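To start, the structure itself, in structure tokens.
Since the model is a prediction, treat every value here as computed from it, not as a measurement. First listed ligand is number 1; within each ligand, the first listed atom is number 1.
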Amino acid sequence: MSPLDLVALLRARIREIPDFPEAGVSFKDITPLLADHTAFAAVVDAIVSHHGRGTIDKVAGIEARGFILGAAVAYHFGAGFVPVRKDGKLPSSTYSQAYALEYGEATIEVHQDAFVPGERVLLVDDVLATGGTVAAAASLIRRAGAVVSGCSVLMELTFLGGRKRLPDLDVHSLLTY
Ligand code: AMP
């Protein structure tokens, strides 16, 4: 599939829901994309071929849609998968990181023993918006002793400037809005 065909296919499979979960937010719903094998597989293939097999030891997926994309990417890479979860969900000892949302605050966590020191980690999520979530996840991975090799997101909301908050990260997005 050509890059232009890929972008057209993905755009056609992302549904925009106005004012969800609150007024003023245009929610990017990826469930139609996930339900279409060709589109889902194209996303996973594009992420793996951007980075190249053999360059990543583990994929870290951010709850919840980052789990779906990240687990498929990890399998295709031949890499392990680590969940970055909302607070209170992981059962063993964790590192926690609080960060600002557009309204309020959130906390995410990773298991302290999730990585072997020096492992190369690819962060995966569906949407890069303000960049706060990816910045917090990258900081957790580094605290756990690993190296953040890059970050792949399905789409980037460029008007929110998330990439500028991540100057030390190689951010790869398949689509921009
Ligand atoms: P941020 O920390 O602002 O970059 O927000 C990114 C996180 O919020 C990701 O985990 C996304 O799943 C979610 N998110 C933010 N904005 C949207 C949106 N417009 N549609 C769907 N998910 C979003």
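- Between Tyr99 and ligand 1, a contact under 3.5 Å exists for no N or O pair.
- Taking the charged nitrogens against the carboxylate oxygens, Glu63 and Arg85 do have a contact shorter than 4.0 Å, which makes a salt bridge.
- Looking at His111 and Ser93, their side chains never bring a donor and an acceptor atom within 3.5 Å of each other.
- Scanning all heavy atoms of the two residues, the minimum distance from Gly80 to Ala74 falls at O-CB, 3.7 Å.
- By the 3.5 Å distance cut-off applied to N or O atoms, Ala129 is counted among the residues near ligand 1.
- Within ligand 1, the atoms closer than 4.0 Å to a non-hydrogen atom of Thr130 are 1 (P), 2 (O), 3 (O), 4 (O), numbered from 1 in the order shown.
- If you look at Leu160 next to ligand 1, there are no close heavy atoms at all, none under 4.0 Å.
- Between Leu34 and Phe40, the shortest heavy-atom distance links the atoms O-CD2, 3.7 Å.
- Using 4.0 Å as the threshold, Asp29 has no heavy atom nearer than that to any atom of ligand 1.
- Cation-pi geometry between Arg11 and Tyr177 is met: under 6.0 angstrom from the ring centre, within 45 degrees of the axis.
- Not one N or O of Glu63 is nearer than 3.5 Å to an N or O of ligand 1, by distance alone.
- Using a 4.0 Å cut-off between charged side-chain N and carboxylate O, Glu109 and Lys89 make no salt bridge.
- Of the candidates Ile17, Asp126, Ile108, it is Asp126 that places a heavy atom closest to atom 11 (C) of ligand 1.
- With respect to atom 19 (N) of ligand 1, the closest heavy atom belonging to the protein is Ser26 O, 3.1 Å.
- Under the 3.5 Å distance criterion, with hydrogens and angles disregarded, no donor-acceptor pair is assigned to the side chains of Thr176 and Glu156.
- For atom 22 (N) of ligand 1, the nearest protein heavy atom (residue, atom name, distance) is Arg65 NH2, 3.3 Å.
- Note on Asp168 versus Arg142: salt bridge recorded, some NZ/NE/NH1/NH2 to OD/OE distance being below 4.0 Å.
- Residue, atom and distance of the protein heavy atom nearest to atom 20 (N) of ligand 1 are Lys28 N, 2.9 Å.
- At a 3.5 angstrom cut-off on N or O pairs, Val127 does not count as close to ligand 1.
- Using a 4.0 Å heavy-atom cutoff, Gly162 is absent from the residues neighbouring ligand 1.
- Near Leu157, the atoms of ligand 1 lying under 4.0 angstrom from a non-hydrogen atom of the residue are 19 (N).
- Ring planes of Phe27 and Phe20: perpendicular class, angle over 60° (limits at 30 and 60°).
- Judged by a 6.0 Å distance limit and a 45° cone about the ring axis, Lys58 is not positioned over the six-membered ring of Phe81.
- The closest non-hydrogen atom to atom 10 (O) of ligand 1, taken over Asp125, Thr133, Val153, comes from Asp125.
- Counting atoms of ligand 1 from 1 in the listed order, those under 4.0 Å from a heavy atom of Gly132 are 2 (O), 4 (O).
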